[in-house]
Amino acid sequence: MVNIDRRRFVILGVAGAGTAWLSNWLLRGTSNSSISQASDSLPPVYQSSNGLLELNLEAREYPIDLNGKQAYLLAYNGQVPAPRLEAKPGDKVRIHFTNNLTQPTNIHFHGLHIPITGNADNVFLKIEPGNKHTYEFQIPANHPAGTFWYHPHLHGLVAEQLFGGLAGLFVVRGELDNIPEIKAAQEEFLVLQDFALDNDGSLMGSMHMSLMSGREGDIIIVNGSIEPTISSSAKRLLRLRILNASPSRFYRLALEKHSFYQIATDGGALNKPVELSELLLTPGQRAEVLVKGDKPGQYRLLNLPYDRGSMGMMGGGMMGGGMMGNNDSDEPIALATIDYKSLISTTLPTKLNSIAKLPEPEVLRRFELNHGMNPTVGMAFLINGKPYERDRTDTQVKLNTIEDWEIANTGVMDHPFHIHGNAFQVISRNGKPESLLAWRDTVLVKRGETVRIRIPFNDFAGKTVYHCHVLDHEDLGMMGNLAIEA
Ligand code: C2O
Ligand code: CU
Ligand code: CU
């Protein structure tokens, strides 16, 4: 059996006074009798049974000892990252949510194709401090298997609440998991988050963050742990299921002396594995990769430098301090170590899925991403020249139709563009046809780039949003309302 090395693995959360098992860990809950107790185990996983996934979920601030400093993080059920939820196509989901934050909040189920209204994936809900809400929906019987996630989505507070730690995986188990080579693989989830502390050890407040660039912290954790070791002694492939749950930080991942074999994107399985020397994950994106190897040893999972652009002088006094880098340090950073004794190169699966190209639609819309001045708030991030307004409908589409959207980034920073509720295919980038057929819900649109995507608006009518997933950009206006009309 294989597991993340316990000495380095940290459940960020919650321990009673004198809990010895936490003592070696870098990040740990401080003793505080008012917090609930975490057990000496990996973070809990809630799985559906008999067609139902039901749980209580509480959002709350927790005192956490972070690198020897006390910090206040925000957590679901005392866990950073939040507990992993797992369901199957056709299952019902019922989440009894309590907001014990000091701010209003809500929950978004990023990437799930479920109703966007009512008590389901409704980003217009506002759950006030002290209030409860029961989320309830059914996962369609034909829903693809994949790595999805949940996080707060109340406009204006999204970046701040995510940066406090509120994010967890939502896994749909299905066909991909049953492919023999994948079923036999060792499955590891990697939730990537970053945090920033000020000199007093408190979480860096928005006043001190580079909101224009998008806040980044200098502390990067993987599953709540700084540089964990993932070890394997079994002779099987390693399946890494990776989520970028940081509000702004891009991860450009590489594994020393190894390739990745990507098997899934945001929206589930690719048609066949694709060999990559590195993997770029923007905020919000997920990927699944297989790793094979016949050179036993220890290898670092690196985050390579990536320049996503910056607002330069435009942010003026709002630019952050020196430690708030824009991920443009030229040093690779080790995120984790993969240690295997005899992971031998077993056969990769050949066929994973049968994604077909969508037919070319009649409707083509254009969206321009840029920044500019907003008379009321000053600097703003804009779509088609406008900052977000809750009560304006920006885009109206017909249910069960397909559209092409052209997303043009005419600004000075990269913007990962995300649409709620329906996955899409990338058709071209700067006019160059995209060769990889894949389902995504978030696509990077680099500065100066125009990306064309093709989206089917299937099954669920109602109002939802699209936005930049650098969540400070979203909170500063780079979001639009989408009405899907029956
Ligand atoms: Cu993960 Cu609207 O976002
Ligand atoms: Cu989303
Ligand atoms: Cu952006």
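Keep in mind that what you see is a predicted model, and the values were worked out from it rather than measured. Start at 1 with the first residue, then count along the sequence.
To the nearest 0.5 Å, atom CZ of residue Phe460 and atom OG1 of residue Thr117 are 9.0 Å apart. To the nearest 0.5 angstrom, Phe457 atom CZ is 6.5 Å from Thr401 atom OG1. Summarising the geometry, atom CZ belonging to Phe163 is positioned 11.5 Å from atom CG belonging to Leu74; distances are rounded to the nearest 0.5 Å. Here SG of Cys468 is found 9.5 Å from CG of Leu444. Values are rounded to the nearest 0.5 Å. A distance of 5.0 Å separates CD1 of Ile95 from CZ of Phe137, quoted to the nearest 0.5 Å. Here the straight-line distance linking atom CD1 of Ile230 with atom CD of Glu188 works out to 5.0 Å at 0.5 Å rounding.
Here the side chains of His133 and Ile107 are not in contact, with every heavy-atom distance at 4.5 Å or above. The shortest side-chain heavy-atom distance between Phe250 and Val470 falls under the 4.5 Å cut-off. The shortest distance between side-chain heavy atoms of Val445 and Phe367 does not fall below 4.5 Å. Residues Phe97 and Thr105 are in side-chain contact: their nearest non-hydrogen atoms beyond the backbone lie under 4.5 Å apart. Contact of the Glu474 side chain with the Phe381 side chain is not registered, since no non-hydrogen atoms from C-beta on lie closer than 4.5 Å. Considering only heavy atoms from C-beta on, Ile242 comes within 4.5 Å of Leu279 through its side chain. The shortest distance between side-chain heavy atoms of Leu301 and Val222 does not fall below 4.5 Å. In this structure the side chain of Leu101 never reaches within 4.5 angstrom of the side chain of Pro129, judged on heavy atoms.
The pair Asp441-Arg286 counts as a salt bridge, with a side-chain nitrogen and a carboxylate oxygen less than 4.0 angstrom apart. Residues Arg241 and Glu86 are not paired through a salt bridge, judged by the lack of any N-O separation under 4.0 Å between the basic side chain and the carboxylate. The pair Asp177-Arg239 meets the salt-bridge criterion, with a side-chain N (NZ, NE, NH1 or NH2) lying under 4.0 Å from an Asp/Glu carboxylate O.
In this structure a side-chain-to-backbone donor-acceptor pair under 3.5 Å is missing from Asn122 to Pro115. At least one donor-acceptor pair under 3.5 Å links the side chain of Asn384 to the backbone N or O of Glu368. Looking at Asn77, its side chain never comes within 3.5 Å of a backbone N or O of Ala59 through a donor-acceptor pair. Proximity of a side-chain donor or acceptor of Gln425 to a complementary backbone N or O of Ala356 within less than 3.5 Å is detected. For the pair Thr395 (side chain) and Leu482 (backbone), a donor-acceptor distance under 3.5 Å is absent. In this structure a side-chain-to-backbone donor-acceptor pair under 3.5 Å is present from Asp414 to Arg447. Between the side chain of Glu403 and the backbone N or O of Val363, no donor-acceptor pair lies under 3.5 Å. Judged by distance alone, with hydrogens and angles left aside, the side-chain atoms of Asn244 form a donor-acceptor pair with the main-chain N or O of Thr282 at under 3.5 Å. A distance-only check finds no donor-acceptor pair linking the side chain of Asn100 to the backbone of Arg60 [under 3.5 Å]. Between the side chain of Asn303 and the backbone N or O of Leu253 there is no donor-acceptor pair closer than 3.5 Å.
Between His151 and His469, the two ring planes are perpendicular [angle over 60°; tilted spans 30° to 60°]. Aromatic ring pairs are classed by plane angle as parallel below 30°, tilted from 30° to 60° and perpendicular above 60°; the pair His108 and His418 is tilted. Taking the six-membered ring where tryptophan is involved, the planes of Tyr150 and Tyr76 are tilted, since the angle between them lies from 30° to 60°.
For the pair Pro144 and Val172, the tightest heavy-atom approach, listed with the atom from each and the gap, is O-CG1, 3.6 Å. Residues Ile355 and Ala269 approach most closely at CD1-O, 3.3 Å, considering heavy atoms. When all heavy atoms are compared, the tightest approach of Asp266 to Gln285 is OD1-CA, 3.3 Å. The minimum heavy-atom distance linking Val289 with Gln262 is given by the pair CG1-CA, 3.9 Å. In plain terms, the two heavy atoms of Asn370 and Gly411 that are nearest each other are OD1-CA, 3.7 Å. Nearest heavy-atom pair, Ser48 versus Lys88, reported as atom, atom and distance to 0.1 Å: OG-N, 4.0 Å.
Tyr135 and Asp121 form no side-chain donor-acceptor contact under 3.5 Å, judged by distance and modelled atom types alone. A donor-acceptor pair shorter than 3.5 Å cannot be found between the side chains of Asn458 and His113. In this model, a donor atom of one side chain and an acceptor atom of the other lie less than 3.5 Å apart for Glu288 and Thr147. Asn119 and Glu136 are not linked by any side-chain donor-acceptor pair at a separation below 3.5 angstrom, with hydrogens and angles left out of the test. Of the N and O atoms on the side chains of Asp194 and Ser246, at least one donor lies less than 3.5 Å from an acceptor on the other residue. For the residue pair His155/His467, the side-chain donor-acceptor check at 3.5 Å is not satisfied.
Taking Glu54 as the reference, Arg94, His96 meet the side chain to side chain donor-acceptor pair (under 3.5 Å) condition, with sequence neighbours excluded. Annotation: side chain to side chain donor-acceptor pair (under 3.5 Å) contacts of Lys132 (sequence neighbours excluded): Thr98.
Taking the ring centroids of His143 and Phe148, they lie under the 6.0 Å cut-off. If you look at Tyr466 and Trp405, their ring centroids are closer than 6.0 Å.
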Hey, mind stepping through Asn481 and Tyr388 against side-chain hydrogen bond (donor to acceptor under 3.5 Å, both in side chains) and telling me if it holds?
CA-CA 8 Å; Asn481 285 323; Tyr388 182 70; 2.8 Å; yes
Do Leu369 and Ile383 pass the side-chain contact (heavy atoms from CB on, under 4.5 Å) test, and can you show the C-alpha distance, the side-chain angles, and the key distance before you say yes or no?
CA-CA 5 Å; Leu369 311 182; Ile383 300 181; 3.9 Å; yes
Checking Val93 against Leu112 for the side-chain contact (heavy atoms from CB on, under 4.5 Å) test, could you report, in this order, the C-alpha distance in whole Å, the side-chain angles of both residues, the deciding distance, and whether it holds?
CA-CA 12 Å; Val93 178; Leu112 286 185; over 6 Å; no
Start with the C-alpha distance between Asn422 and Ile484, add both sets of side-chain angles, then the distance that settles side-chain contact (heavy atoms from CB on, under 4.5 Å), and finish with yes or no.
CA-CA 11 Å; Asn422 289 281; Ile484 305 173; 4.0 Å; yes
Step by step, would you call Leu364 with Arg452 a side-chain contact (heavy atoms from CB on, under 4.5 Å)?
CA-CA 9 Å; Leu364 169 64; Arg452 187 189 283 219; 3.7 Å; yes
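By the 6.0 Å contact criterion, NZ on Lys463 is enclosed, its count of non-hydrogen atoms from other residues, nucleotides or ligands being greater than 12. No more than 12 heavy atoms of other residues, nucleotides or ligands lie within 6.0 Å of CD in Glu175, so this atom counts as exposed by the packing criterion.
Under the side chain to side chain contact (heavy atoms under 4.5 Å, CB included) rule, Gln193 has a single partner from Val80, Asn223, Leu166, which is Val80. With His153 as the partner, the side-chain hydrogen bond (donor to acceptor under 3.5 Å, both in side chains) test is satisfied by one option alone out of His420, His110, Gln161: His420.
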